[in-house]
> 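Below is the structure I would like to discuss, written out as C-alpha cells.
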Amino acid sequence: MTFADAWASEMLVLGLESSCDETAAAIVEDGVRVLADIVASQNEVHARYGGVVPELASRAHLVNVVPVVRAALETSGLSLHQLDGVAVTNAPGLVGALLVGLQTAKAMAWVTGKPLVGVHHLEGHLSAIYLEPDPPPFPHLALIVSGGHTSLVRVDGHGEVTELGRTRDDAAGEAFDKGAKLLGLGYPGGAVLDQVAAGGDVRAVALPRAMTAPETGLDFSFSGLKTALLHHVRDRGQPDGAALSDLCASYQHAIVEVLVRKTRRAVAQEEVAHVQICGGVAANSALRRAMQAAGAEDGFHVYIPPPRRCTDNAAMIAVAGTHRLRRGQRDGLELPAIATSPLPRRPGATPVRSPARGQVP
Ligand code: KG4
Ligand code: ZN
C-alpha cells in the first residue's frame, strides 16, 4: 500500500481516556466521524470529598474501563480486530488513573497486533474541534481551560503547539470549582455555578482581575480571586436567592473577562485571526458568549466544540491519535504514564505588540 492509499483508506482508531475522573472510550473513523463515544463519570465517587481523590479515581477506572471499551465496540458494531490503532492518554494526569487506561490500551494493542500511540491530554482537548464541520485552519490560537490547566497556545499544525502563556497558580476550572465549593454548590461546581449565575448581575460584587497589566503578557493568575470570594463570604455571610445568583455572576464574570482579555491580547500579538477554546471550562455559557462577542468586535473567528466535547472524553483522544498515526508515530509497550508534562513554551518572554484597535489594555 502506498502512502497515498494509506491516507485515502479509512482509519478506525479507538481512543481511551482515564487521566482524571472520567473513564472514556470512543471509536473515530478518519479522525472526523464518531462511531462511539462513551464516558463514565466518577462525580458521585468524589462529590462527598469536594475534590478528586486519586486512589478512588484509580479504583473506579479499574471497575469502569472494560465495560466502557465493550460499550464503545458494541455501539460501533466493530470488533477489536477491525481497528487500525489504539490511542491512549498517557500524560499529564494522575499516574494511577493514567495507568489504568494505558495498561488496557497496551493489552488491546498487544493481543490485536495493532499500533499503539500515546496522546498528551491537552493535545486531545485541542483536537475535539476537528470533529466539527468547520474546524479552524492553521495557524490558530487556542485557549485551553480545564480543571488542571489554563494556557494560551499557538497551533501551527497537528501536534505543533507552542505555549504563549499559562496560569501561574490555579487553573480557571479550579477557580470555578473552589468558588462553587465555597458557595455550597457541590462538586464539581463549574457547571452548577454557570447555571446559578444565569440572570445574576455581573456588577453586583466588585472582585479583582489579576495580571492584566501589559507586562504580565499572556500569563494568568486566579488564586487571588478565590481568596477575594472567601473574604466576601466571610464578611457578608453565605448569600442565597438573588444575592447568590449575583455573586456567582460577578465571580464568573471576573474569570471570563480575564480569559477573553488575554485572548484578545494574544490575537493582537500573533496576528492570527482564528481562535478555538477547549477544555471543560469552554462549556461555560458566559465564556462562550463573551468570546464570540470579542471575536465579532475585533474581527477574529471563534471555534468552540459542543459542551460534551469540551469536558473530558475519548473521541478527542482518538482524533489526536489518528493524526499521530498518520504522521507515522507509534509507541512501544514501554510507553510510560507521566504525571506532569508541560507544553513546549515559546523561548523568552511573551512581548505584547500594539493593542488591536485599542481593545487590549
Ligand atoms: O477538561 P475537563 O473535563 O477536565 C480536566 O482536564 O481538568 O475540565 C473539568 C473542569 C472542571 O473544573 C469543571 O468544573 C469545569 O471544567 N467545567 C465548567 C463548566 N463545565 C465544566 N466550568 C464552568 N462552567 C461550566 N459550564
Ligand atoms: Zn481535560
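Excluded from the calculations below are hydrogen atoms, water molecules and symmetry mates; all remaining heavy atoms, backbone and side chain alike, are included. In listed order, ligands and their atoms are each counted from 1. Along the sequence shown, residues carry numbers from 1.
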> Identify the closest protein heavy atom to atom 6 (O) of ligand 1: which residue and atom is it, and at what distance?
His121 NE2, 3.1 Å
> Would you say the ring centers of His274 and His140 fall short of 6.0 Å from each other?
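Centroid distance His274-His140: not below 6.0 Å, so no.
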> State which residue, out of Gln252, Arg236, His232, Gln238, fulfils the side-chain contact (heavy atoms from CB on, under 4.5 Å) condition with Leu247.
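It is His232, the one option of Gln252, Arg236, His232, Gln238 that forms the side-chain contact (heavy atoms from CB on, under 4.5 Å) with Leu247.
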> Could you walk me through whether Arg324 and Asp331 pass salt bridge (charged side-chain N to carboxylate O under 4.0 Å, His left out), step by step?
CA-CA 10 Å; Arg324 280 186 171 259; Asp331 286 301; 5.5 Å; no
> Considering non-hydrogen atoms of the protein only, which is the closest contact for atom 22 (N) of ligand 1, and what is the distance?
Gly190 CA, 3.5 Å
> Looking only at protein heavy atoms, identify the closest one to atom 3 (O) of ligand 1 and say how far it is in Å.
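Protein heavy atom at minimum distance: Asp312 N, 2.9 Å.
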> Please test Asp30 against Thr322 for side-chain contact (heavy atoms from CB on, under 4.5 Å), starting from the C-alpha separation and ending with a verdict.
CA-CA 7 Å; Asp30 289 338; Thr322 302; 6.0 Å; no
> Could you go through Arg326 and Asp84, starting from their C-alpha distance and side-chain angles, then the distance that decides it, and tell me whether this counts as salt bridge (charged side-chain N to carboxylate O under 4.0 Å, His left out)?
CA-CA 11 Å; Arg326 280 182 175 163; Asp84 298 297; over 6 Å; no
> Which word best sums up how the rings of Phe138 and Tyr130 line up, parallel for under 30°, tilted for 30 to 60°, or perpendicular for over 60°?
tilted
> Which part of Asp177 is near ligand 1, with near meaning a heavy atom under 4.0 Å away: side chain, backbone, both or neither?
side chain
> Taking 4.0 angstrom as the limit and counting only heavy atoms of Thr311, give me the atoms of ligand 1 inside it, by number and element.
3 (O), 21 (C)
> Show the atoms of ligand 1 that are less than 4.0 angstrom away from any heavy atom in His125.
1 (O), 6 (O)
> Find all atoms of ligand 1 within a distance of less than 4.0 Å from any non-hydrogen atom belonging to Ala283, and give their numbers and elements.
20 (N), 26 (N)
> Side chain, backbone, both or neither: which part of Asp194 comes within less than 4.0 Å of ligand 1 when only heavy atoms are counted?
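It is the side chain that gets close, since no backbone atom is under 4.0 Å.
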> If you apply the rule salt bridge (charged side-chain N to carboxylate O under 4.0 Å, His left out), what do you find for Glu297 with Arg264, and how did you get there?
CA-CA 10 Å; Glu297 215 172 297; Arg264 287 175 134 170; 3.4 Å; yes
> Return the closest protein heavy atom for atom 21 (C) of ligand 1 as residue, atom name and distance.
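Scanning the protein heavy atoms, the shortest distance from atom 21 (C) of ligand 1 goes to Gly280 O, 3.4 Å.
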> Just jot down the ligand 1 atoms closer than 4.0 angstrom to any heavy atom of Ser146, in number order.
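Near Ser146, the atoms of ligand 1 are 1 (O), 5 (C), 6 (O), 7 (O), 8 (O).
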> Under a 4.0 angstrom heavy-atom cut-off, which atoms of ligand 1 come close to Gly148?
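Within the 4.0 Å cut-off of Gly148, ligand 1 contributes 7 (O).
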> Check Arg59 with Asp21, please: is the shortest side-chain N to carboxylate O separation under 4.0 Å?
no
> What residue and atom, counting heavy atoms only, is the protein's closest point to atom 24 (N) of ligand 1, and at what distance?
Asn284 ND2, 3.0 Å
> Do me a favour and list the nearest non-hydrogen protein atom to atom 9 (C) of ligand 1 with residue, atom name and distance?
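Ranking protein heavy atoms by distance from atom 9 (C) of ligand 1, first comes Gly147 N, 3.7 Å.
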> Of all N/O/S atoms in Asp312, which lies nearest to the Zn ion (ligand 2)?
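In Asp312, the heteroatom (N, O or S) nearest the Zn ion (ligand 2) is OD1.
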> Measure from the Zn ion (ligand 2) to each N, O or S atom of His125 and report whether any distance is below 2.8 Å.
yes
> Charged N to carboxylate O under 4.0 angstrom, Arg261 versus Glu257?
yes
> Taking 4.0 Å as the limit for heavy-atom contacts, which would you say applies to His149 with ligand 1: side chain only, backbone only, both, or neither?
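It is neither part, as no heavy atom is under 4.0 Å.
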> With a 4.0 Å cut-off, would you call Asp170 and Lys178 a salt bridge?
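Yes, charged N to carboxylate O under 4.0 Å.
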> Would you call Arg346 and Glu163 a salt bridge, using N to O less than 4.0 angstrom?
no
> Quick one: which ligand 1 atoms are inside 4.0 Å of a heavy atom on Gly173?
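Counting atoms of ligand 1 from 1, those under 4.0 Å from Gly173 are 12 (O).
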> Please determine whether His121 has a backbone or side-chain N, O or S atom lying under 2.8 Å from the Zn ion (ligand 2).
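Yes - counting backbone and side chain alike, His121 has an N, O or S atom under 2.8 Å.
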